[in-house]
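Below: the structure, in structure tokens.
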Amino acid sequence: MSDQSIKSRPVYQSLAMDLSGLRHLLVSDSPAYRFEAPPDREVEVWFVAAPDQEGRIPPSGTVRERGFRSPRHLIDRLDHRLAQERMGLRLYVSGTEGFLWDVFNTAQRAGMTRQEIFQCQSGTQARRVACVHCRTFNHGVTTTIVRCDGCGANLFVRDHFSRRLSAFMGVKIDAEVAGEVPPAEQAYS
Amino acid sequence: MGIQFKTDETFRDDFSYRNSDAAILRFPFPFGEDKYMYSVNIEPHGKAGGSPAFDHAFDVDEHYVAECRERAIVLDHDPKRCQVLPHMMPAEWDTLELLMESLSTDYPEHFSLTRDGTAWHWINRPLGLDRRFVFGDASTLPCGPFEYITRQAQGDFTLQDQRDDNLYVDGGMVTTQADWSLEFDIGMSFHEWHGPVPLAHEIGVFDRALQYLLRLQYGHPVRRLNWTMTINPRLDTSPENYPDWGPDRTTVTAENIAGKLHLRVELQTLFRLPRSNAILFGIRCYLISLQDIERVEKWRKRLHRVLATLPPELVEYKGLTRFHHMAVSRLAAMDDGAPLSLGIQPDQARLPA
């Protein structure tokens, strides 16, 4: 099950403003994001506070900025916001791959299309791994093999990515001969 | 004359599945030449082509009742093997109509469909079903229309939505699959869900296949054969249950390989659906043991040649690594190297005892 390249994984670009949009919202899973907008256009920025804030919402620099305690906190609020949005919004997403697709799926449920959402990967390359056997999500995986939090199987992290699940597939590596588990290698960080 | 269904056979535990002589001779053997490599081997789905399995839109054979029961067992353990995204409801009804019309037309002794406007009456004699329902009103069926009718058909099915010049796998009934997961892949585009297949991307197979399928016309279904090998006649070789069936691959020995090793052939059919413009993809799985293949002279020689020249990437991808050499050496002893006819037909009308 060794894969040479990842066909199901998107190639991410850096973010650039889509001038056909009427309103622009950038969401980021960290306070450090990069986005260059023409001076005559306004961009609203929602970001997640650094973990050292320990639940405090940092004061925002401008009225167009808004902080959140966690990615989950931001996405919950986004869900509510998008329910009230109209045509013309452009959504820019910056963060880890799991965050990019959690936001994407939230936006798509609210009726936004692929053409209205722009994604830029930043931060850790650690993977979210969905165990194909027991459906548990394993977070922050940095090695080629991980023991599943749910069922305990040693999962090989397959280079197959589901945007809907926002996760890579984990498949039991020693399903044929129990205990035939090669050493895990540090691969994604 | 109706089909004699083998109602008691199993695809798990004691694996009592067997092919009759007639079923062997009608098997859709996938190798028309001595070498195998991926290609866009798509052809019109009509009669002719070397196997009676192609005679009808949806082939029904002696394993029908047992395969429907096996499907019900899988769904009972894991209902997510059947999922359809909400926007695909028109395609669900299209599927139900296509299957009911095809089955009742092609096998009138076993299936009957009576339509009076939207009041439909469906009779499935092999499974003992008699159902009146309103076409277009899902509340008149015990489950969604796609699940309802694909529980009564052999083989897996997926629904492809066509948009943005692409195909998205937005639904499916997947209980007899060769190692792919609907729960993981649902919603993916054509290239995404074929992501793990080696070699084929690089030679452009998926680009060309997608272009071809986007132009698929209503009333002109197409087909191709795909294959792999499975230990024991097990239909559910899903990644979900790999911890349960994976160990089978280590049980093969030179002594038991002829009975244990099965060629697994997928008759893949594609139908454009009329209302939804979606594509129904049928993946019908046929299993035949090595010892039954050996009873057909042409097939045992051809299988030897195909396996002996299979690229190592495909040996690994198809999961044959542990027993490939055993199969090749066994078959080599039965291959004199004589030229074989092109095509998949068995070239014999009867089997040796």
Side-chain angles (χ1 to χ4, degrees), chain A residues 1-11 101 104-105 107-109 111-117 127-138 147-148 150-181, chain B residues 77-80 83 85-87 163-166 168-170 177 179-202 205-207 231 237-252 312-313 316-323:
Chain A
M1 286 193 187
S2 66
D3 305 306
Q4 302 86 23
S5 60
I6 312 179
K7 306 297 187 305
S8 51
R9 186 189 209 176
V11 177
W101 292 100
F104 183 94
N105 291 325
Q108 208 165 43
R109 277 194 297 275
M112 294 187 75
T113 65
R114 285 180 186 226
Q115 290 76 23
E116 296 167 325
I117 307 166
R127 295 180 171 187
R128 185 186 295 171
V129 176
C131 175
V132 75
H133 314 300
C134 81
R135 302 199 167 127
T136 296
F137 288 94
N138 296 270
R147 194 172 166 87
C148 178
C151 66
N154 284 295
L155 303 177
F156 173 70
V157 182
R158 206 171 187 182
D159 280 341
H160 190 33
F161 182 76
S162 164
R163 303 169 193 216
R164 185 181 73 93
L165 299 178
S166 200
F168 287 83
M169 183 190 280
V171 182
K172 184 174 180 177
I173 193 161
D174 58 341
E176 297 183 11
V177 181
E180 256 187 22
V181 183
Chain B
H77 291 160
D78 184 1
K80 284 189 167 180
Q83 297 187 55
L85 297 182
H87 66 274
R163 57 182 193 270
D164 308 335
D165 285 326
N166 210 327
Y168 294 84
V169 59
D170 284 347
Q177 74 267 44
D179 205 8
W180 73 280
S181 165
L182 178 68
E183 163 67 4
F184 195 83
D185 288 359
I186 191 169
M188 287 189 182
S189 71
F190 193 76
H191 285 76
E192 286 167 22
W193 95 73
H194 288 106
V197 183
L199 304 181
H201 288 271
E202 286 69 22
V205 162
F206 294 123
D207 296 327
I231 306 307
T237 51
S238 57
E240 284 86 344
N241 289 336
Y242 181 44
D244 299 318
W245 58 263
D248 291 0
R249 286 184 173 163
T250 64
T251 62
V252 184
E313 294 92 332
E316 192 194 346
Y317 173 67
K318 290 179 182 286
L320 316 182
T321 310
R322 291 184 196 273
F323 44 81

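Letters A, B, ... are given to chains in the order of the sequence lines, protein chains preceding strands, and every chain is numbered from 1. What's counted below: heavy atoms across the whole structure, side chains too, no hydrogens, waters or symmetry copies.
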Go through the steps for B:M188 and A:R163 under the test side chain to side chain contact (heavy atoms under 4.5 Å, CB included), then give the verdict. CA-CA 8 Å; B:M188 287 189 182; A:R163 303 169 193 216; over 6 Å; no
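- Neither the backbone nor the side chain of B:D248 comes within less than 4.5 Å of any heavy atom in chain A.
- What you find for B:Y168 and A:R114 is that their closest heavy atoms are CE2-NH2, 3.3 Å.
- Among all heavy-atom pairs drawn from A:A175 and B:P243, the shortest one is CB-CA, 4.0 Å.
- Between the side chain of A:H133 and the backbone N or O of B:P239, at least one donor-acceptor pair lies under 3.5 Å.
- Looking at A:A167, only its backbone comes within 4.5 Å of chain B, counting heavy atoms on both sides.
- No donor-acceptor pair closer than 3.5 Å links the side chain of B:T250 to the backbone N or O of A:V177.
- Of the two parts of A:Q108, neither the backbone nor the side chain holds a non-hydrogen atom closer than 4.5 Å to a non-hydrogen atom of chain B.
- In this structure, A:E180 pairs ionically with B:R322, as a charged nitrogen and a carboxylate oxygen lie closer than 4.0 Å.
- For the residue pair A:H160/B:D185, the side-chain donor-acceptor check at 3.5 Å is satisfied.
- Scanning all heavy atoms of the two residues, the minimum distance from B:G246 to A:E176 falls at O-CG, 3.4 Å.
- A distance of 9.5 Å separates OH of B:Y242 from NZ of A:K172, quoted to the nearest 0.5 Å.
- At least one donor-acceptor pair closer than 3.5 Å links the side chain of A:R164 to the backbone N or O of B:E183.
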Stepwise side chain to side chain contact (heavy atoms under 4.5 Å, CB included) check, A:F161 with B:E192 | CA-CA 8 Å; A:F161 182 76; B:E192 286 167 22; over 6 Å; no
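- With a threshold of 4.5 angstrom between heavy atoms, B:D78 approaches chain A through side-chain atoms but not through N, CA, C or O.
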